[in-house]
There are 6 protein chains.
Amino acid sequence: MIDSKYGEHAQVLIQALPYLQRYIGKTIVIKYGGAAMTDEAIKATVMQDLILMSCVGIRTVLVHGGGPEIDALMGKLGMETRRVRGLRYTDAAGMEVVQEVLAGKVNKQLVSLIQAGGGKAVGLCGIDGGLLKARRATAGGEDLGFVGDVSAVDPSLVENALGAGFIPVVATVASGEEDARVIYNVNADTAAAKLAMALKAEKFILLSDVPGILRDLKDPDSLIRAANPPQIKSLIEDGTVSKGMIPKVECCVVALAGGVKRAHIIDGRLPHALLIEVFSDAGIGTMISKD
Amino acid sequence: MIDSKYGEHAQVLIQALPYLQRYIGKTIVIKYGGAAMTDEAIKATVMQDLILMSCVGIRTVLVHGGGPEIDALMGKLGMETRRVRGLRYTDAAGMEVVQEVLAGKVNKQLVSLIQAGGGKAVGLCGIDGGLLKARRATAGGEDLGFVGDVSAVDPSLVENALGAGFIPVVATVASGEEDARVIYNVNADTAAAKLAMALKAEKFILLSDVPGILRDLKDPDSLIRAANPPQIKSLIEDGTVSKGMIPKVECCVVALAGGVKRAHIIDGRLPHALLIEVFSDAGIGTMISKD
Amino acid sequence: MIDSKYGEHAQVLIQALPYLQRYIGKTIVIKYGGAAMTDEAIKATVMQDLILMSCVGIRTVLVHGGGPEIDALMGKLGMETRRVRGLRYTDAAGMEVVQEVLAGKVNKQLVSLIQAGGGKAVGLCGIDGGLLKARRATAGGEDLGFVGDVSAVDPSLVENALGAGFIPVVATVASGEEDARVIYNVNADTAAAKLAMALKAEKFILLSDVPGILRDLKDPDSLIRAANPPQIKSLIEDGTVSKGMIPKVECCVVALAGGVKRAHIIDGRLPHALLIEVFSDAGIGTMISKD
Amino acid sequence: MIDSKYGEHAQVLIQALPYLQRYIGKTIVIKYGGAAMTDEAIKATVMQDLILMSCVGIRTVLVHGGGPEIDALMGKLGMETRRVRGLRYTDAAGMEVVQEVLAGKVNKQLVSLIQAGGGKAVGLCGIDGGLLKARRATAGGEDLGFVGDVSAVDPSLVENALGAGFIPVVATVASGEEDARVIYNVNADTAAAKLAMALKAEKFILLSDVPGILRDLKDPDSLIRAANPPQIKSLIEDGTVSKGMIPKVECCVVALAGGVKRAHIIDGRLPHALLIEVFSDAGIGTMISKD
Amino acid sequence: MIDSKYGEHAQVLIQALPYLQRYIGKTIVIKYGGAAMTDEAIKATVMQDLILMSCVGIRTVLVHGGGPEIDALMGKLGMETRRVRGLRYTDAAGMEVVQEVLAGKVNKQLVSLIQAGGGKAVGLCGIDGGLLKARRATAGGEDLGFVGDVSAVDPSLVENALGAGFIPVVATVASGEEDARVIYNVNADTAAAKLAMALKAEKFILLSDVPGILRDLKDPDSLIRAANPPQIKSLIEDGTVSKGMIPKVECCVVALAGGVKRAHIIDGRLPHALLIEVFSDAGIGTMISKD
Amino acid sequence: MIDSKYGEHAQVLIQALPYLQRYIGKTIVIKYGGAAMTDEAIKATVMQDLILMSCVGIRTVLVHGGGPEIDALMGKLGMETRRVRGLRYTDAAGMEVVQEVLAGKVNKQLVSLIQAGGGKAVGLCGIDGGLLKARRATAGGEDLGFVGDVSAVDPSLVENALGAGFIPVVATVASGEEDARVIYNVNADTAAAKLAMALKAEKFILLSDVPGILRDLKDPDSLIRAANPPQIKSLIEDGTVSKGMIPKVECCVVALAGGVKRAHIIDGRLPHALLIEVFSDAGIGTMISKD
């Protein structure tokens with residue numbers, strides 16, 4: 001007789017149907033980083049999730065950073081990290097390392113994993129096709145070297161890749177707004193949010209190292225499942241959202257203002273967090289939406 | 001904390017990935033009938049399976065008969081079933097009932113179920129767009145009335161519907177080869193097999209009321225999981241395949257000869273039999289293929 | 001010598017030229033019923049007219065009812081017609097008969113006649129592709145069973161068929177607005193008018209059993225050749241238009257309000273009434289237009 | 001009551017249906033000249049025929065000469081016609097006149113008539129887009145000046161015009177094969193036949209000043225209605241086909257050899273000869289086909 | 001060793017790059033006439049310029065007159081030129097000559113030169129496809145015969161030719177607005193300007209016999225390199241722009257008002273004036289633009 | 001007066017016309033390396049050449065290596081170069097450096113230069129979209145680590161980029177044939193030649209540090225301007241072609257065998273060597289072609 005597990009499996013597929021109907025043909029932009037990118041086992045499940053989403057027809061875009069790998073190469077090269085008002089200063093030699101690691105190593109390794117899993121991917125960075133333009137950033141008026149703020153997004157190259165069935169994998173270095181030969185390191189969360197806006201994405205997902213916004217950081221059960229921008233504002237004001245979580249929620253709010261339907265901060269340490277978020281009613285992490 | 005079931009669900013989706021990669025963009029023709037069509041609970045699962053398959057991008061075609069419903073209306077009308085050499089004779093009044101039940105009632109009801117489930121379907125019959133042409137059939141030389149053998153298939157209407165994202169649902173009445181105004185009742189299994197050939201389908205699936213070809217009809221564990229056409233020939237010769245199973249395996253063999261990659265006889269009484277067959281390695285039923 | 005009749009024939013073709021230039025590439029929706037559908041000789045000329053119109057490139061849509069055939073099958077089944085405030089009440093068994101006769105028998109027979117004449121046709125009903133949605137109708141607050149009012153039209157399936165060169169033949173049963181599995185019988189004149197609106201048709205033609213609107217019902221020479229909506233309103237108010245003609249002119253007025261250029265009530269008993277109306281200056285019947 | 005003539009008119013349209021079904025979407029090349037071009041009343045009927053054919057979707061191409069008009073301008077300019085072995089010698093000044101009259105006057109006047117009648121036409125000559133290439137012709141080894149034999153046809157410009165719904169009107173001057181700046185006068189019958197071949201035309205129609213091939217030139221009833229190439233050969237050998245008719249039948253035979261289905265020599269003096277030939281079973285003139 | 005000239009040549013190509021980047025894919029309409037058309041050596045360089053521009057992907061349209069050639073043929077025919085208020089009166093016979101020379105001789109000769117140089121061209125006139133419609137012009141209320149003012153432009157035929165990679169060469173005769181069979185002679189400068197408007201051209205270039213607008217007609221160094229419409233108005237008012245230059249600048253101003261970006265009056269006597277204007281910063285002639 | 005230099009410039013553009021006509025719409029693959037890539041001034045001229053070629057519509061592909069930059073980073077990291085039979089051995093850490101430098105630094109820097117010059121470029125490597133597959137290479141049976149031989153090319157991603165108007169810039173790292181996660185360093189000359197084959201390129205150009213094949217290495221005037229494959233074989237056999245030139249000519253011969261029309265070895269140290277080769281008759285370097 002047929003194993004009963006197959007019937008259960010079919011049930012699971014059927015439960016995914018409403019989510020398939022909702023997202024097929026739509027664009028989902030995922031910011032990838034943190035533990036989900038350093039833990040090889042978790043990374044393998046993220047790749048599977050991306051391949052599945054792209055395979056069924058969801059227009060899937062992956063944006064990544066790569067801080068730890070940059071630090072590692074800088075360390076090997078004996079380069080010291082200089083900080084200005086707590087922010088990393090990037091000199092010309094450092095920018096070269098950033099570019100090599102993000103666009104050469106991390107980006108192409110992610111592409112190789114997707115291709116190895118039977119998916120189709122193309123590795124891009126903000127320089128390609130004028131995708132991301134940046135202007136020099138400062139911290140309290142002080143120069144940060146080759147650190148930039150994304151000032152313009154031209155998504156045509158990414159749309160071309162999506163139209164041809166590829167998963168665009170994007171490393172967040174950008175060309176200078178005034179001189180495209182000058183390369184800047186840009187914040188990956190913000191770049192991903194701005195790309196999501198330019199692509200009129202249905203969803204923007206931040207894979208992070210926390211379960212979402214917690215009322216009490218020590219209590220995972222205190223997860224705030226949903227919030228709208230005014231509520232986010234209050235949460236920042238009352239200190240519930242603090243430190244490193246502030247820029248994350250802020251780029252979610254920016255994405256919504258720019259037309260993205262829903263932004264999510266989810267726990268990338270959870271295996272298959274993407275599939276669970278996209279194809280079930282589990283409602284993991286915190287969803288930020290206008291309503 | 002996130003319920004562990006979601007992780008398991010994600011696993012199931014990931015297990016479906018290789019099958020999605022194999023069948024998306026390909027055509028699967030399903031002959032639907034028997035218990036799978038009379039049991040309302042099972043019918044509901046078949047509809048879900050079709051919607052899911054079509055939703056992810058498998059070109060899904062449903063061909064159906066409707067014997068019991070024809071008998072029911074004939075009964076109400078007090079029409080008697082005349083048989084010639086064991087085969088039903090269809091007179092003009094009977095043909096009218098066949099057409100009304102197959103193309104009017106059963107066909108459109110299936111369409112309504114798919115549409116109600118969020119799928120897109122269009123109900124067709126062999127008359128539409130010259131889809132199925134038939135010539136008058138005989139049994140041992142004796143006339144069977146308006147019973148026909150499919151003599152030509154023009155799949156362009158079905159391909160048009162598939163191209164626009166619809167599930168074509170096909171009732172097996174056909175137009176006369178010489179006079180298109182004369183309508184014939186044609187065998188649904190054969191019509192489905194010939195349509196699968198004309199569409200160069202990847203798979204042809206016969207939903208039946210048995211688990212597949214059994215070496216011992218009383219022992220479900222004696223299922224023959226795979227056979228090629230020469231083996232099928234032997235199984236008929238040695239009596240393993242007999243009676244009503246003979247025409248079923250024969251139309252599978254015909255489909256293969258016409259270019260269909262794989263034909264399957266599976267147990268339609270099993271909930272979600274289609275999903276289990278298409279998206280898992282369960283290997284339910286008997287697969288007939290050239291290799 | 002060449003027979004002089006050929007020269008005359010050429011003259012006739014040339015007289016059709018301005019009408020060809022006006023209507024090729026445009027959409028004409030025809031409501032078909034009454035004597036034009038029951039008289040086999042007339043029916044044959046209607047089919048020829050449709051084939052010719054479609055062949056030269058007029059986007060031709062046929063919408064039909066089938067009252068007499070429904071009554072016939074109900075009669076054979078011993079079903080009684082119950083009336084509420086003069087309107088037919090349709091119970092579940094009756095609805096089944098309606099669906100069988102309209103979508104199974106009448107619809108597919110019309111398709112077979114067009115195909116037999118060398119045209120291309122596809123038989124659809126309001127259930128297919130969500131073409132017609134209905135909500136339960138009432139008569140003076142009293143329930144009429146499975147009788148519905150068309151509440152939404154999704155013409156994409158019909159447009160797809162027209163784009164592929166087919167004549168869509170539409171049976172007027174519809175899916176429930178809230179539950180697509182519930183099927184309703186809808187008024188064919190209204191359904192045709194609403195489909196004409198949704199298709200932005202150039203012309204909407206009602207084939208009826210009268211010469212058009214007559215000032216004096218006993219005098220065919222009292223035909224009103226043209227009227228605009230305000231004039232129609234007056235004609236209803238002064239009793240010139242009365243009884244069964246009222247809903248007919250009202251659905252013409254609705255079609256005009258929805259963007260259809262011209263609506264016509266013409267005498268379907270006249271052989272080739274469609275060709276005469278579309279390809280000549282004969283001005284048969286009554287034309288209702290805004291100007 | 002409706003005038004009975006409209007019923008008869010509808011009958012005529014219906015009789016045209018099989019011919020519409022056969023020729024819509026196909027290409028018909030017409031060589032236009034002789035009385036059909038000089039008699040203004042007849043010319044008007046030819047224009048109507050072309051507009052009608054193009055309007056319903058027949059890909060209609062008109063190729064014309066213009067001998068009498070050339071002679072007229074030459075006369076006014078006091079230019080004498082020199083003949084070599086009975087053929088006109090064309091010097092540089094004469095070629096200028098040919099080009100002016102054919103491509104400037106006759107061609108554009110035909111275009112203006114089609115446009116005025118509501119058709120869409122574009123006037124081309126063999127120079128445009130490299131449509132017709134010619135090499136210098138000789139008569140028995142003696143030079144004929146700027147008279148050329150068509151050596152190559154590039155139909156892409158004509159196909160482009162047909163694809164955009166225009167009737168290409170083609171004047172038969174051609175560019176030199178070796179030097180495109182040298183313009184040649186080419187025989188219009190042959191150029192039309194070669195263009196018909198290049199376009200894989202369904203029909204090639206020569207509008208002439210005779211009823212077709214006659215067994216007895218004095219007896220119109222002796223018309224040969226159909227002949228195949230071997231029969232044509234015999235008719236030339238036995239003298240039935242003689243003088244000016246020989247090159248006409250020969251270019252028909254050449255067209256057939258090049259893939260054109262049917263060639264016709266018909267009487268252009270007959271009003272609406274084209275419509276009668278294309279849309280009826282009148283079988284005017286002589287049809288030359290392979291079978 | 002490689003000749004140093006090749007390095008210089010490469011430099012020249014590189015200098016053309018910004019202009020290529022600006023104009024590829026854009027439309028440039030050129031009015032061709034005067035010395036540039038009568039001097040064979042200059043004509044050859046104009047043809048090369050057009051071929052090059054079209055080859056790299058600039059949508060290039062050539063509009064031409066042909067006054068001297070018309071006069072020549074009229075002279076040969078002994079036709080006298082009658083003038084009304086200083087303007088040429090065109091009678092029916094004269095119009096025939098205009099049409100023959102412009103659309104038959106000059107137009108097709110230009111096409112033959114482009115084709116001979118490896119370009120793709122098609123010769124059109126205002127009659128073709130209803131390109132130019134005109135209404136009868138008058139001079140101070142007095143009739144000028146078949147002289148017309150362009151009243152409507154339908155650029156679809158020209159756009160079709162551009163889309164297929166051809167250079168449309170347009171002779172400026174037009175069809176009557178009310179009766180398309182009546183042909184009018186229209187001013188070529190104005191017709192070109194109106195066609196440029198209809199095509200939303202980037203540039204409109206008038207090839208003339210002067211260096212541009214000169215402050216002092218005797219001093220070529222007094223060239224006004226750029227002017228905007230108000231400045232043009234002043235230049236007319238103060239008499240700097242006078243006589244035959246007035247209609248030229250006026251049709252430039254009209255073109256600008258109709259959406260053309262830049263209009264140029266340049267010296268067609270200069271070899272390769274078009275290339276110099278389009279592909280360099282030479283700024284020959286006078287540019288008229290809004291800013 | 002207009003400067004005479006503009007006339008000369010126009011002449012140069014006109015001289016480029018036949019080459020534009022020959023190459024627009026065709027594919028040219030350029031292998032870029034050596035001095036042309038290390039000398040910043042020369043590099044700037046190469047970028048200009050690429051932008052110009054792409055701008056006018058030549059499908060331009062750039063394939064690059066980056067040996068010196070790899071050595072530089074390895075040096076900074078204190079990595080020693082191990083050699084096996086004279087060939088570099090690449091261990092895992094070395095491969096990481098290769099990937100970072102080629103795909104991250106050199107590739108994206110080239111893209112930034114093209115974008116800064118107004119061109120459109122996208123940086124790819126052999127991993128992206130499965131572009132280049134490799135199997136492990138050996139030297140005389142001895143392992144070379146992560147050095148691979150190109151075993152398969154899937155040019156679809158490059159064709160997609162060309163179709164969208166981008167210059168694909170390709171770094172020559174490849175995915176393992178059996179396990180796409182394993183990355184190999186592949187020879188850039190060979191990879192470029194194989195990509196040229198897969199793209200059915202018209203031209204394959206190797207930018208090298210020599211003038212081409214010299215009969216006498218000390219005498220630049222001894223340049224062999226053209227050779228066919230048999231002649232190349234002789235030149236290798238007689239020692240004229242030796243050492244590092246052997247693999248270069250061999251990959252040219254391979255490209256020709258695979259359908260590329262012409263292969264060129266030209267001196268990349270010459271400013272604008274590409275433009276001179278493509279747009280003039282200078283015939284710099286050695287051309288290898290079948291005839």
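Order of the sequence lines fixes the chain letters, A, B, ..., with proteins taken first and strands second; residue numbering starts at 1 for each chain. FYI, side chains are in, hydrogens and waters are out, and symmetry mates aren't considered; it's all heavy atoms of this structure.
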## Note on the structure
The interface call for F/I24 against chain E, heavy-atom contacts under 4.5 Å, is side chain

### Message
To the nearest 0.5 Å, what is the distance between OG on F/S280 and CG on E/L13?
### Response
9.0 Å

### Query
What part of F/D49 is in contact with chain E, defined as an atom under 4.5 angstrom from a non-hydrogen atom: side chain, backbone, both or neither?
both

### Task
Please tell me if the side chains of E/V12 and F/Y6 come closer than 4.5 Å, counting only heavy atoms from C-beta onward.
no

### Task
To the nearest 0.5 Å, tell me how far E/Q21 CD sits from F/K120 NZ.
12.0 Å

### Task
Tell me, yes or no, whether the heavy-atom count around F/K261 atom NZ, taken from other residues, nucleotides or ligands under 6.0 Å, exceeds 12.
no

### Per-residue contact mode, E/E8 against chain F (heavy atom under 4.5 angstrom)
neither

### Query
So do E/H9 and F/L275 actually touch side chain to side chain, heavy atoms under 4.5 Å?
no

## Note on the structure
Between the CG atom in E/L52 and the CD atom in F/Q15, the distance rounded to the nearest 0.5 Å is 12.0 Å

### Query
Given a strict heavy-atom distance threshold of 4.5 Å, which part of E/D219 is in contact with chain F: side chain, backbone, both, or neither?
neither

#### Entry: From CD (F/Q11) to NE2 (E/H272), nearest 0.5 Å
4.0 Å

